[in-house]
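Residues: numbered from 1 along the sequence shown. Atoms within a ligand are numbered from 1 in the order they appear, just like the ligands themselves.
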Amino acid sequence: MTDTATLYIVPTPIGNLDDISARAIRVLSEVSWIAAEDTRHSARLLQHFSIGTKTLSLHEHNEDKRTAMLCERLKGGESVALISDAGTPLISDPGFVLVRKCREQGIPVSALPGPCAAITALSASGLPTDKFIFEGFLPVKVHARESVLSALIDRTFTTVYYEAPRRILDTVTDIQRVLGDRQIVVAKELSKTFETYVSGSAQDVINYLNADSAHQKGEFVVMIGPAKVSDQAIPSEAMSLLSALCEHMPLKKAAAVVAGHYDLKKNALYQAGLDAKS
Ligand code: SAM
């Protein structure tokens with residue numbers, strides 16, 4: 001901890017209390033205030049680690065009001081730790097308004113590394129991790145959900161979503177309808193007794209979810225793998241650029257340049273270039 005009053009972003013366990021860090025316990029014990037998404041929920045965690053720091057609530061319905069109050073306390077020399085119900089605050093959880101205001105007002109903000117369901121799930125999924133996007137929760141309305149999923153048809157990297165148990169079957173069914181046999185991985189109950197990864201096509205995951213009512217209970221991270229090269233439609237602008245470049249350089253080089261520019265596979269562009277010539 002520094003001498004200057006600081007807002008600390010403190011991740012908490014997503015299922016296994018042993019995943020709290022020694023530094024998280026120290027910071028939570030030493031700050032003047034803990035701002036918690038749900039003070040009653042966090043009381044159990046704080047009690048478990050014998051942390052007696054005063055708490056106050058900060059959730060989506062009072063974040064503006066609390067932000068003003070906490071900034072005043074921070075400016076008055078009191079450090080504050082922000083926690084959510086589980087995992088990393090601000091990641092599909094409250095805290096953005098507070099952090100942005102602290103930054104605007106020159107109040108130091110320091111984040112501790114720690115549990116996050118998205119990163120935990122992704123790292124063991126077996127899906128490509130060199131490039132991925134986290135999109136939080138999918139929209140609830142079917143139409144909006146399908147439209148968001150349509151954007152993944154040509155996507156060449158992994159997409160990560162959070163999903164609630166009551167919607168998991170509908171979501172995977174929509175993935176099946178929009179993306180067909182794309183590889184997906186569903187991670188369930190991470191770091192808990194019944195931690196499970198189900199990997200395969202959306203249909204495989206639907207079969208798993210329907211096999212036992214317990215399979216639809218718990219907390220889920222849904223990860224969708226990249227489109228296969230052969231599934232990728234090459235945008236017309238990319239083809240225009242490819243044919244223009246081919247007038248000045250060999251196809252192989254042109255394919256590499258266009259692939260880099262549009263984030264496409266070099267081989268797919270090379271093949272498309274050959275097809276266009278024939
Ligand atoms: N801030 C949290 C984090 O860093 O992971 C996420 C909060 S978000 C409101 C809650 C969602 O995270 C759940 O609906 C679920 O999709 C995912 N999640 C949280 N804990 C999980 C776990 N143990 N296993 C699988 N998914 C989990």
Starting from atom 10 (C) of ligand 1, what is the nearest protein heavy atom, named by residue and atom, and what distance separates them? Phe137 CZ, 4.1 Å

Which residue in the set Leu169, Asp174, Ile168 passes side-chain contact (heavy atoms from CB on, under 4.5 Å) when paired with Val172? Ile168

Give the C-alpha distance, both sets of side-chain angles, the deciding distance and a yes or no for side chain to side chain donor-acceptor pair (under 3.5 Å) between Ser57 and Asn62. CA-CA 8 Å; Ser57 68; Asn62 71 357; 3.1 Å; yes

Residues Thr159, Arg155; criterion side chain to side chain donor-acceptor pair (under 3.5 Å); working and verdict: CA-CA 9 Å; Thr159 307; Arg155 192 173 281 174; 3.0 Å; yes

Protein heavy atom at shortest distance from atom 3 (C) of ligand 1: Tyr162 OH, 3.4 Å

Sub-6.0 Å ring centroid separation between Phe157 and Phe132: no

Distance filter under 4.0 Å to Lys192 heavy atoms, resulting ligand 1 atoms: 23 (N)

Please list, in number order, the atoms of ligand 1 under 4.0 Å from a heavy atom of Gly87. 3 (C), 4 (O)

Atom 20 (N) of ligand 1 sits nearest the protein heavy atom Glu219 OE2, 3.4 Å

Atoms in ligand 1 with a heavy atom of Cys116 nearer than 4.0 Å: 4 (O), 5 (O)

In the protein, what heavy atom is nearest to atom 9 (C) of ligand 1, and what distance, to one decimal place, separates them? Ser92 O, 3.2 Å

Look at atom 4 (O) of ligand 1 and find which of Val186, Thr12, Thr88 reaches it with the closest heavy atom. Thr88

Closest non-hydrogen protein atom to atom 7 (C) of ligand 1, residue and atom name please, with distance? Asp93 OD2, 3.4 Å

Distance alone, cut at 3.5 Å: any donor-acceptor contact between the side chains of Asn16 and Ser191? no

Does the side chain of Ser201 pick up a donor-acceptor pair with the side chain of Asp204 at under 3.5 Å? yes

Given Gly15, Ala86, Ala117, which has its nearest heavy atom closest to atom 2 (C) of ligand 1? Ala86

closest protein heavy atom to atom 22 (C) of ligand 1 is Leu190 N, 3.6 Å

Check: Glu163 N/O within less than 3.5 Å of ligand 1 N/O: yes

Between Ile91, Ile83, Ile14, Thr120, which one has a non-hydrogen atom sitting closest to atom 6 (C) of ligand 1? Ile91

Do we see a donor-acceptor contact under 3.5 Å between the side chains of Asn207 and Gln203? yes

Pair Tyr161 and Phe134, ring centroids less than 6.0 Å apart: no

Could you please spell out the steps behind the salt bridge (Lys or Arg N to Asp or Glu O under 4.0 Å) verdict for Glu195 and Lys188? CA-CA 6 Å; Glu195 174 176 300; Lys188 175 173 161 13; over 6 Å; no

Looking at atom 15 (C) of ligand 1, what's its closest protein heavy atom, distance included? Phe220 O, 3.4 Å

